[in-house]
Amino acid sequence: MTDPGHLFTRTLCDIVGREALTTRLSEEFVFADLGAEAVRSLLTFDDLNGLLAACSPEPPRLRLHRDGSPVPVDRYTETATASRTERRVVRPEALYRELRAGASLVLDGVDRMHPPVGAAADDLMRLVRERAQANLYLIWGESRGFDTHWDDHDTVIVQVEGTKHWQVHGPGSRPFPMKNDLEHDHEPPRDADGGLHLVWEGVLRPGQVIHVPRGWWHTVTGTGDVSMHLTFGFTRATGVDWADALVRRLFAEEGFRRDLPRFCDPDVRRKHQHELAARLVELAEEWGVDDFLAERDARFPRRTSFSLPWPVQEGAPPEDARVEFVPILPPPLVREDGRVAVSVSGRRYRFPAEVEPVLAVLAQERSLTVGALADRAGVAPERAAEIVAVLARHHLVLVR
């Protein structure tokens, strides 16, 4: 059974090839068969039943669609009061009825509700170096939840139960469409006879994975069987993102904070414009795409997690305690004045130089015992435990 924490960086990359996979992201369709055993630990019906009961998700996080339209929430939820706050609660018998009638269930953010899916999402984030979210899609019968459509983000679909029929049509009339775009009225690709173009058609079975790039049209229908799949979605940085970040840096420039000379002579306005344009070009050269991506990585969020009681109580954890590295992306270690610094989630941490080998091992291994960490980092077990205790207080590691 595959460890969900290595589903993409190891299992998928072993089949597709890491370089081939990353260079094809957002550009090409990808299909891979990992085998049913590889995804068995991700999510089962028992898992789904448990998280529906424990987390009690309400619309719009949990919603139903049928034949391209949303099912009214009153059909499958009711109003309940908890702690004097009204909320919508899913009625099991009503949910069953709608699913039997051909509705498709969508549950957003399963990675925040179920640790194995969260581990897989984290692994995908380490591969693509972008934020990712996993949504669940469940359907019975031959119906469809959505019409032929495109998504404004890249997707990796992992079939976990049953089968589903896919038609991938390719990019439409507007390449690389975005969520916040100037144009949304574009069309799917068609062949000479007017029919929808087909890049790939097939039935996904448990363990099979596809990557559908942003803006690629697709049609998905049931096969008469049950189907449960996870869609891991992520949005890659674009030139618009770099330009937007560059504009925000202009607040530090006096010339850009000045009022535009609206009522001056046209020659004055043209001179002012040329000065602004020249400085903007200089800034773009000084703070390029590589700098933008490095800063973006340094602000990459941590997943919400807790490690009580260790960050609060006095003392260090024992040698057999398991240590888990919290940062999703391995942060670069920077030496500063005899100390080592790391930037995580927009915050900078500085530690004594002896912490550097401990952080390096944690970033590479991600999870190991205190004793194994001490051995790999070449420090005494007692000192490794003390360092782990400090890192836990800064939410850089979890102690289990």
Side-chain angles (χ1 to χ4, degrees), residues 22-23 25-27 60-61 70 108-109 125 128-133 147 149-155 170-189 212-217 233-302 304 327-329 331-332 334 336-337 341-350:
T22 53
T23 56
L25 286 173
S26 302
E27 301 285 347
R61 188 173 191 181
D108 289 347
M125 287 190 265
V128 303
R129 303 188 75 83
E130 302 290 357
R131 304 183 188 189
Q133 175 176 303
D147 292 328
H149 67 285
W150 58 274
D151 295 311
D152 58 24
H153 52 274
D154 292 295
T155 58
S173 57
R174 184 174 180 81
F176 307 110
M178 302 179 68
K179 181 177 183 179
N180 298 318
D181 209 333
L182 298 176
E183 178 185 336
H184 292 278
D185 191 23
H186 44 282
E187 300 294 331
V212 181
R214 166 170 58 104
W216 280 41
W217 292 75
F234 57 95
T235 301
R236 301 184 72 195
T238 67
V240 172
D241 295 309
W242 172 54
D244 182 63
L246 191 62
V247 167
R248 290 197 299 271
R249 298 177 77 88
L250 297 179
F251 287 102
E253 299 288 321
E254 179 180 338
F256 282 89
R257 296 198 308 271
R258 290 178 55 193
D259 299 339
L260 294 174
R262 177 190 292 272
F263 300 109
C264 292
D265 185 85
D267 290 339
V268 175
R269 285 197 299 275
R270 280 192 293 270
K271 179 183 178 182
H272 189 71
Q273 175 185 327
H274 292 157
E275 291 173 350
L276 294 178
R279 182 56 183 145
L280 183 58
V281 171
E282 290 177 357
L283 288 172
E285 292 295 334
E286 294 170 5
W287 194 73
V289 169
D290 287 346
D291 300 299
F292 164 69
L293 292 175
E295 183 176 286
R296 184 178 171 94
D297 286 353
R299 295 184 178 278
F300 206 90
R302 287 173 277 200
T304 301
I328 295 175
L329 300 186
V334 181
E336 296 179 349
D337 302 325
V342 293
S343 293
V344 179
S345 298
R347 297 189 62 181
R348 194 164 185 82
Y349 302 88
R350 299 176 77 245

| remark: Closest non-hydrogen atoms of Ser345 and Phe300, given as atom of the first, atom of the second and distance, are OG-O, 3.1 Å

| field | Short side-chain to backbone donor-acceptor contact, Thr155 and Val212, under 3.5 Å | value | yes

| field | SB check Asp244 Arg248 (cutoff 4.0 Å) | value | yes

| remark: Rounding to 0.5 Å, atoms CG (Leu250) and CG (Leu280) come to a distance of 6.0 Å

| message | Under the criterion side-chain contact (heavy atoms from CB on, under 4.5 Å), I'd like the reasoning laid out for Arg214 against Phe176: C-alpha separation, chi angles, the key distance, then a yes or no. | response | CA-CA 6 Å; Arg214 166 170 58 104; Phe176 307 110; 3.6 Å; yes

| message | Please find the pair of heavy atoms, one from Arg348 and one from Ser343, that lie closest to each other, and give the distance. | response | NH1-OG, 2.7 Å

| field | Smallest separation among heavy atoms of Glu27 and Trp216, with atom names | value | O-CZ2, 3.4 Å

| query | Excluding sequence neighbours, so at least two apart, what forms side chain to side chain donor-acceptor pair (under 3.5 Å) with Arg279? | reply | Glu253, Glu282, Glu286

| For Asp297, what residues pass the salt bridge (charged side-chain N to carboxylate O under 4.0 Å, His left out) criterion, not counting sequence neighbours? | Arg129

| message | If I compare all heavy atoms of Ser26 with all of Asp154, which pair ends up nearest, and what's the gap? | response | OG-OD2, 2.7 Å

Hey, can you pull the donor-acceptor pairs under 3.5 Å for the side chains in residues 254-263, sequence neighbours left out?
from, atom 1, to, atom 2, distance (Å)
Arg257, NH1, Phe251, O, 3.0

| request: Could you grab the distance from atom CG of Asp152 to atom CG of Asn180, nearest 0.5 Å is fine? | output: 8.5 Å

| query | Is the backbone N or O of Glu187 less than 3.5 Å from a side-chain atom of Ser173, with the two atoms forming a donor-acceptor pair by type? | reply | yes

| request: Begin with the C-alpha distance, continue with both residues' side-chain angles, and end with the deciding distance and a verdict on side-chain contact (heavy atoms from CB on, under 4.5 Å) for Arg249 and Leu283. | output: CA-CA 9 Å; Arg249 298 177 77 88; Leu283 288 172; 5.9 Å; no

| remark: Closest heavy-atom pair, Pro301 versus Arg131, reported as atoms and distance to 0.1 Å, is CD-NE, 3.4 Å

| query | Which of parallel (below 30°), tilted (30 to 60°) and perpendicular (above 60°) describes Phe292 and Trp287? | reply | perpendicular

| Test item: His274 side-chain N/O and Arg270 main-chain N/O as donor-acceptor pair under 3.5 Å | yes

| query | Which residues pass the salt bridge (charged side-chain N to carboxylate O under 4.0 Å, His left out) test with Asp241, sequence neighbours left out? | reply | none

| If you take all heavy atoms of Pro331 and Val344, which pair is closest and at what distance? | CG-CG2, 4.0 Å

| Residues which pass side chain to side chain donor-acceptor pair (under 3.5 Å) with Asp108, listed by chain and number, not counting sequence neighbours | Arg63, Asn135

| request: Flag yes if more than 12 heavy atoms outside Asp265 fall under 6.0 Å of its CG atom; otherwise flag no. | output: yes

| By salt bridge (charged side-chain N to carboxylate O under 4.0 Å, His left out) - contacts of Arg296 (at least two apart) | Glu130

